[in-house]
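One structure below.
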Amino acid sequence: MTRLSQSFQTDRAALVAFVTGGDPTAANTGAILDALVEGGADIIELGMPFTDPMADGPAIQAANIRSLSAGTKTADILNIASAFRERHPTVPLVLMGYANPMTIRGADWFAEACVDAGVDGVICVDIPVEEDDSLGDALRAKDVAVIRLATPTTDTERLPEILNNASGFLYYVSVAGITGLQQAAQASIEEAVARLKAGTDLPVAVGFGVRTPEQAADIARVADGVVVGSAIVEIIAEHGADAAPHVKDYVKSLSDAIRSAR
Amino acid sequence: MWTESLPFAKRFAHMTKHDKLSNSFRNQPDERGHFGQFGGRYVAETLMPLILDLEKHYRAAQADPAFAEEFDDLLEHYVGRPSPLYFAERLTEHVRKEAPEGKGAQIWFKRDELNHTGAHKINNCIGQILLAKRMGKTRIIAETGAGQHGVATATVCARFGLPCVIYMGATDIERQKPNIFRMRLLGAEVVPVTSGSATLKDAMNDALRDWVANVHDTFYIIGTAAGPHPYPELVRDFQSVIGREAREQLLERTGRLPDLLVAAIGGGSNAIGLFHPFLDDPDVEMLGIEAAGHGLEKEHAASLAGGKPGILHGNKTYLLQDEDGQIDEAHSISAGLDYPGIGPEHSWLKESGRVRYDSVTDTEALEAFQLLCGTEGIIPALEPSHAIAAVAREAVKLDKDQIILANLCGRGDKDIFTVAEALGTEI
C-alpha cells in the first residue's frame, strides 16, 4: 500500500486540496499545508509556480505571480515538501505543475528530488501521454506516481492510452477550460466518472471549478476524490500571510460535506 | 501561375513516410512531431485530441489537389504572389564602398513586404483558414506581437466571414496602435493581455486558455512556426512558398543559386519559409538573425544565442529562461521579434549545423532601417531591418560575384511611430 492508495477509502471520497507553493511566500506555505490537513484534506497537491501557467485561470495565475515575485525557487518547493513529510509522515503529497520547471535539470534529477522530498506523485499539466518519455519513465523508475489527467475531450478510444502506465489516481478535469472558472453539470460528471471507472481500477478524483460544500458533496457521492484548488487559493489571496486559519475553516466545511455525503 | 500546381503531398513528398531520405535536411519532423530532440506536443490533455484531429485533417488536405489549388489561387489573386525578387543595386553599391577590393556581394531581396497586408504572415493565414474551413470550425482566435499576424488573421476572417478574436499584449498594443485600428476595421475583437510581461508570450498563453475552453468550435491560427505539432510543420509548409518562388526566380534571373540566405527570426516563420526549399542545396549557406535588443549581455530576444532547451507553448525548443526553468522576458525594439523562444526546427537546424545563427541589436536594426529607406526607397519593418543589418555585415566578406538573398518579410508603415521615438523625432 502506498500513501496515495491508503488515502482513498471505500466509505467516502477523499478531499484533494491544491495550493501554489510559495504563495504568498515560501515561509507561509508550511502553515497553510498544515491548515489543509487540520481542515480534513486527505491528499495535498502542491503547485510548483511557473511564469506561464497556460492551463490556469486568473486565481492560480495570480498565485503563481505572487510566489515567483516573492522569490520562490524550485529548491524552496522541495524544501516545503520535505518539511511537510517530516511533520505529516502519512499524508500523501503530490507536486502539480508545468513541464519546464520539472524537466529543466533533467527528468532523472527531478525524480530523485521527488524521492528525497517524500513526494508521492506528480501531475504535469503539459506532458500528455504522447510525450510521456520526457518525464514519466524517470518517475516510474523511482516509484513516484505518474498521475494522469482525463478531460471531457478524452474519448473512449483515447482513454486506454491515458490509463496505460498511469498510477496514483486518475484526475478527471470536469470542464474543458482553465482552472477556477465554471463547474460542470453534475449529470455530465456522473456519466464521465462511470465511463472512467469502467476502464480502470485507479481511484477517480474530479476537479475544476469546485467551490461550495454542496458541490463537493455532490461529486463525493459519485467519485473517489474531490479536488479543490482555486477557491482555496482565493482565500490565500485575500488573507496573505494570515491565511492559514481561514483556509482551515473553509477546508473543514468541504471535508464535513464530503464525509456526510454518502 | 507561378507556384507548381501539385497537391501539397507531392510538393512535400519528402515528408511522406516512404520517401524519406536519411541524408536530407528536409524530412523533419518525425511522426511524433519531433525535430531531433525538439518540437513535440506538450499540451494539456484537453487540447490533445484536437491537435491529433488537426494533424489528421492536415494530412488529408496535403493529399487533396483541391486544397492546394484553392491555396495557390488565393495566394495569386488575393495576396498578390509571386512577390518580386529584387536586385538592390544602390544598397549593393553602398556596401561595396566599405568593402575590401573585390568584395561586396550582390544583395537581392524577396519582396514579401509587398503582399496584401504588408508582410509574409498572410501566406500562413490563408493556409490555416482553409484548414479551419475543412474542419468545420466557426470561430478563429490568434495571438499577435507586432500586430502583423493579427492583421493577417483578421483579414482572412473577414474574407471568409468568420468571427475573430485576437489576443495581444497590452505593451504591444501601446507600440503598435495603427495595427489595432486595422484589426478592428477588419471586424476583429482585440483583447488586451495584461498578464506577465504583457507581450507576445503572454498573448499566446491567453490564446491557449481561450482555445482550451472553446475546443468544440474554435480554430487557433498560430502565427509562427512554433507551438505543438503539427503547427511548426504546417506553418513552415505554407510559408515555404517564399523559398520556392525565390529559388525559381533567382535561377531564372541569374542562372544560379544564392550563396547566402539571410532572414530575421522571432518565432522563425519567414526564415524557415525561405530556408526550407534550399536546405538540401549544399552550396547555399543560411543565416538566421535573432534580435539582440540592448545587447546579448543585457535584455534581448535571442533564444539560440542566450537560451537553452526547454518546454513552452507546446514544444521543446531553445528558450530564454533561468536555472529553474522560469521564462525570462524578452526585449526587442521590434514587437514581432520580442519572444523568448524560437520555432523548434530552427533549434534543430542550429544543432545540426546546417544553418548559422547570429544576432543584431536594436541600434543596428534602426541604422539598417534608415539605410534601406535612403538607398532603395523602401521602408522596411523593424523585423527585416535586423536581417538587412546582417546582410550589410556579411556582404563585405563575400566576393562581388556572390549573391546574398534576404527576405524582406514586412513593410515598415506600422513601425514609423516606434522609429520616430527611437530617433527622438515627434510626428
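Excluded from the calculations below are hydrogen atoms, water molecules and symmetry mates; all remaining heavy atoms, backbone and side chain alike, are included.
- Among the candidates B:Lys201, B:Arg41, B:Met204, B:Lys316, the residue making the largest number of heavy-atom pairs closer than 4.5 Å to chain A is B:Arg41.
- Of the atoms belonging to B:Pro309, it is backbone heavy atoms, and not side-chain ones, that fall under 4.5 Å from chain A.
- For A:Glu131, the parts lying near chain B are the backbone and the side chain together; criterion is any non-hydrogen pair under 4.5 Å.
- Counting heavy atoms of neighbouring residues, nucleotides and ligands inside a 6.0 Å radius, atom CG of B:Asp217 exceeds 12 of them.
- The most heavy-atom pairs under 4.5 Å with chain A, out of B:Val215, B:Asn205, B:Asn214, come from B:Asn205.
- Here the side chains of B:Val212 and A:Ile178 are in contact, with some heavy-atom distance below 4.5 Å.
- Checking side-chain atoms of A:Thr51 against main-chain N and O of B:Ile327 turns up a donor-acceptor pair under 3.5 Å.
- Taking each heavy atom of A:Pro128 and B:Val43 in turn, the nearest pair found is CD-O, 3.4 Å.
- Put simply, the side chain of A:Ile104 does not reach to within 4.5 Å of the side chain of B:Asp322, judged on heavy atoms.
- At a 4.5 Å heavy-atom cutoff, the contact between A:Arg105 and chain B is made by side-chain atoms alone.
- Judged by distance alone, with hydrogens and angles left aside, the side-chain atoms of B:Arg209 form a donor-acceptor pair with the main-chain N or O of A:Pro53 at under 3.5 Å.
- If you measure heavy-atom distances from A:Thr103 to chain B, the contacts under 4.5 Å come from the side chain alone.
- Looking at A:Asp126, its side chain never comes within 3.5 Å of a backbone N or O of B:Ala44 through a donor-acceptor pair.
- Using a 4.5 Å cut-off between heavy atoms, A:Asn64 does not touch chain B at all.
- With B:Asp324 contributing its side chain and A:Lys73 its backbone, the two residues share no donor-acceptor pair below 3.5 Å.
- Among A:Val173, A:Ile127, A:Thr74, A:Asp52, the residue making the largest number of heavy-atom pairs under 4.5 Å with chain B is A:Asp52.
- Between the side chains of A:Thr154 and B:Glu45, a donor-acceptor pair is found at a separation under 3.5 Å.
- Summarising the geometry, atom CG belonging to B:Leu47 is positioned 8.5 Å from atom OG1 belonging to A:Thr151; distances are rounded to the nearest 0.5 Å.
- For the pair B:Leu312/A:Phe50, a side-chain contact is recorded, criterion being any heavy-atom separation below 4.5 Å from C-beta on.
- When B:His216, B:Lys308, B:Gln321 are compared by the number of non-hydrogen pairs under 4.5 Å with chain A, B:Gln321 comes out ahead.
- Heavy-atom pairs under 4.5 Å with chain B were tallied for A:Val125, A:Asn100, A:Thr153, A:Ile65; the largest tally goes to A:Asn100.
- In this structure, no portion of B:Leu50 lies under 4.5 Å from any heavy atom of chain A.
- Taking NE2 from B:His34 and OG from A:Ser134, the interatomic distance works out to 7.5 Å, rounded to the nearest 0.5 Å.
- Other residues, nucleotides and ligands place more than 12 heavy atoms under 6.0 Å from the CD atom of B:Glu323.
- One finds a salt bridge joining A:Asp133 and B:Arg32 here, because a Lys/Arg side-chain nitrogen approaches an Asp/Glu carboxylate oxygen to under 4.0 Å.
- Listed here is the closest heavy atom pair of B:Pro49 and A:Arg158: CG-CD, 4.0 Å.
- Taking 4.5 Å as the limit, some side-chain heavy atom of B:Leu52 sits within range of a side-chain heavy atom of A:Glu130.
- Contacts between A:Pro152 and chain B at a heavy-atom distance below 4.5 Å are absent for every atom of the residue.
- Residues B:Gln326 and A:Pro49 share a closest heavy-atom pair of NE2-O, 3.0 Å.
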